[in-house]
Amino acid sequence: MLSLTAATPRRLSVCRLLIACVVGGSLLTIPPACHAQSGEDIAKGLLRALIESQLEKSRRKADSRFSPPPPGRPGFGGPPAETQEILQLRPISASLSQESATLVTLLQTDARRSFAARPFLADAIRLQASAAALRQRSAGIRSHLLVQDDFRGFNNDWSALSFHLNECQGISNQTRACMKRIAALDQKYCALLGIQEQFNNRELVRAAYTLTTYTTDLIDDVRDTYRPGNRHRQVVRDVGRFAQKADYFASQVSQGNPYATVVSSLQDLYEDWRQLESRLAEYNGHSTTRTASRIQQSFRDIHDLLRLEIGLNKDQVLHLVHTIDTEVSDIFRTITLEQLMTLPDSQAVPGAADALYGTVQNLDDLIRRDQNPQEIGEAWVYADEAWKEFEYFLGPIQNPQTAVRLRKIGDSMRSLKQALGVTVQYDRQALVRSASTMEFLTNQLLRTVQKWHQRSGQNRQLQVRIQQLEAALNRIEQSLAAGGNQRNHLRDVDQAIAQWQQIRPELKACDTEERIELEQLAGSITSEGIRLRTMLTQ
């Protein structure tokens, strides 16, 4: 079996990646130096559009709630006096606008140095737009009531962003100092307007009722798995009580209970789930495992919406890792030698299986030793790459049982990713390097094929197809370097892989001393193609 030290270094230099516990997007990428000016123009235009959108939304909301009195009505001879609150809010909103702009600038610097900071840049830009809109809106009105909801929304956005930034390891000390200044301003206007801690109630309601749907599915899964004895009946009753508590939690959220009440109820419910989940380990059917994974992901979503740290559910993760290891072993017990011999890459299957076993065992070891989330996340990436390669090699087997088992492993890998809270974002340069590597390997393949044909006779058609593949990979590399639509990149890579699949079987006809080199190159090209496609689909 391939050891971890043998399996891992090959992949360590493949790509730069970001492992994070919360999914993040980016509305603003860091442009190359040669396009710096155009990138700044795009960013400014985006910010202006966001500010205008916030202002228009604020005006519509205020107009719907505070209609002006009809003209000529007694008692309204002049403009109303400015409230004391609006007078105090103006300097606060001006400072918020300035500090939010500073935060975006600092995060852009952090993002160049650390990929961990990049997912939060888009949220910071939206916060900057909200702060600028608040400043402009506060300067043009006379009553704080017209902007109270806007400040409440800003508090909600800032609370979520600050939670994630405080958990981020790639934030500089200057950025954290700016965050403290914004937090102090946030406390000022909340005290002035009587704003309590906010959360996204609409999304929370949706997540809470999604949880109740999965708990109902869990009841059916457990009941369908008949086991004689009192222990099974007790588990069925406990699952039923858990489902009732989940329904009660959803009703609390939908009724708009205070933040502290909702958090307390969630913590109580999650503690029940942790105890119940350990007892569900014996119900290792595919359906029960999948439903348990969905419940865990729902809890993760709810914790994220409430800005709470959920931590790693070690028992669940280890159970999933063990399930994957068992399912891989089951595949080899059912595949016949005849089926293996019919595979186009039969010689690559043992190595791919060895790599998958090694990376999964490494992941199991890191989890048991309570290593940091970054190391565990990276280990999952290596295991996922090994799995994609293993799946690719076994895919051509025309056997329903093998196809079902491959789907189960795929489901377990996705469940493991959710349980770990892993999000992978590859740097564009990593994609370019991968395409360049595949192009270089194809060029080496062409040279080796030419040597083979010089010994055994020319096969010009095969050489032309390899040249066409090399040209296609060069176009992909240039397109990736220029940016563009990810869907188009994926389409081009799929076409290149299809070209390679037509070339690969003809290499087996080689009976000269180049045969070993051709097999090595073919395996490397296949692995790099799978890796490139995996990065594009993350």
Side-chain angles (χ1 to χ4, degrees), residues 2 6-15 340-356 358-359 382 385-396 430-480 489 492-536:
L2 198 65
T8 301
R10 181 175 66 88
R11 295 175 170 83
L12 285 176
S13 61
V14 172
C15 62
L340 279 176
M341 295 303 295
T342 61
L343 292 174
D345 297 286
S346 57
Q347 74 282 355
V349 172
D354 204 19
L356 181 56
T359 53
Y382 303 142
E385 287 181 356
W387 152 243
K388 294 288 177 54
E389 193 168 331
F390 180 76
E391 181 187 32
Y392 177 83
F393 290 140
L394 289 187
L431 292 165
V432 175
R433 285 195 299 273
S434 181
S436 177
T437 299
M438 195 172 177
E439 179 189 1
F440 171 78
L441 291 170
T442 305
N443 179 264
Q444 293 297 107
L445 179 74
L446 177 62
R447 294 175 182 272
T448 306
V449 167
Q450 288 171 344
K451 292 179 182 178
W452 163 34
H453 288 165
Q454 286 174 0
R455 298 175 187 273
S456 60
Q458 292 290 330
N459 182 348
R460 186 62 187 167
Q461 187 177 6
L462 176 59
Q463 294 183 27
V464 168
R465 288 207 299 271
I466 296 175
Q467 289 172 338
Q468 290 173 342
L469 174 60
E470 184 181 1
L473 291 169
N474 180 265
R475 289 192 297 271
I476 290 172
E477 179 188 356
Q478 300 301 319
S479 178
L480 287 168
H489 295 325
D492 294 340
V493 169
D494 283 343
Q495 291 175 353
I497 290 176
Q499 289 178 263
W500 168 239
Q501 288 175 332
Q502 294 176 358
I503 294 170
R504 190 167 40 111
E506 297 192 36
L507 301 178
K508 294 185 177 182
C510 178
D511 55 0
T512 65
E513 62 184 43
E514 285 79 22
R515 180 181 180 89
I516 295 177
E517 186 176 355
L518 287 176
E519 289 179 352
Q520 293 175 342
L521 286 169
S524 298
I525 292 172
T526 300
S527 298
E528 200 62 52
I530 295 170
R531 184 171 297 113
L532 178 59
R533 194 182 191 284
T534 299
M535 286 191 284
L536 282 170

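Keep in mind it's a predicted model, so treat the numbers as computed, not measured. One-based numbering along the sequence shown.
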- Report, as yes or no, whether the 6.0 Å neighbourhood of atom CZ on Phe440 holds more than 12 heavy atoms from other residues, nucleotides or ligands. no
- State, without any angle test, whether Glu385 and Thr534 hold a side-chain donor-acceptor pair at a distance under 3.5 Å. no
- Taking every heavy atom of Gly529 against every heavy atom of Ile497, the minimum-distance pair comes out as O-CD1, 3.8 Å
For residues 442-449, tabulate all N or O donor-acceptor pairs below 3.5 Å that involve a side-chain atom, not counting sequence neighbours.
from	atom 1	to	atom 2	distance (Å)
Thr442	OG1	Met438	O	2.8
Asn443	OD1	Arg447	NE	3.1
Asn443	ND2	Glu470	OE2	3.0
Thr448	OG1	Gln444	O	2.9
Thr448	OG1	Glu517	OE2	3.2

Non-hydrogen side-chain atoms of [X] and [Y] separated by less than 4.5 Å:
| X | Y | result |
| --- | --- | --- |
| Phe393 | Thr526 | yes |
| Tyr382 | Leu356 | no |
| Glu439 | Leu469 | no |
| His489 | Leu480 | yes |

Spacing of [atom1] belonging to [X] relative to [atom2] belonging to [Y], to within rounding of 0.5 Å:
| X | Y | atom1 | atom2 | answer |
| --- | --- | --- | --- | --- |
| Gln468 | Gln502 | CD | CD | 10.0 Å |
| Arg531 | Leu536 | CZ | CG | 13.0 Å |
| Leu532 | Ser527 | CG | OG | 12.5 Å |
| Cys510 | Leu462 | SG | CG | 10.5 Å |
| Gln463 | His453 | CD | NE2 | 6.0 Å |

- Check the pair Arg455 / Glu514 against side-chain contact (heavy atoms from CB on, under 4.5 Å), numbers first and verdict last. CA-CA 10 Å; Arg455 298 175 187 273; Glu514 285 79 22; 2.8 Å; yes
- Message: Salt bridge or not between Arg533 and Asp494? Use side-chain N to carboxylate O under 4.0 Å.
- Response: yes
- Between Lys451 and Glu513, is there a side-chain N and carboxylate O pair less than 4.0 Å apart? no
Using a 3.5 Å distance criterion without hydrogens, assess whether the side chain of [X] forms a donor-acceptor pair with backbone atoms of [Y].
| X | Y | answer |
| --- | --- | --- |
| Ser524 | Gln520 | yes |
| Ser434 | Ala430 | no |
| Thr437 | Arg433 | yes |

- Message: Applying side-chain contact (heavy atoms from CB on, under 4.5 Å) to Arg515 and Leu507, what does each step give before you reach the verdict?
- Response: CA-CA 8 Å; Arg515 180 181 180 89; Leu507 301 178; over 6 Å; no
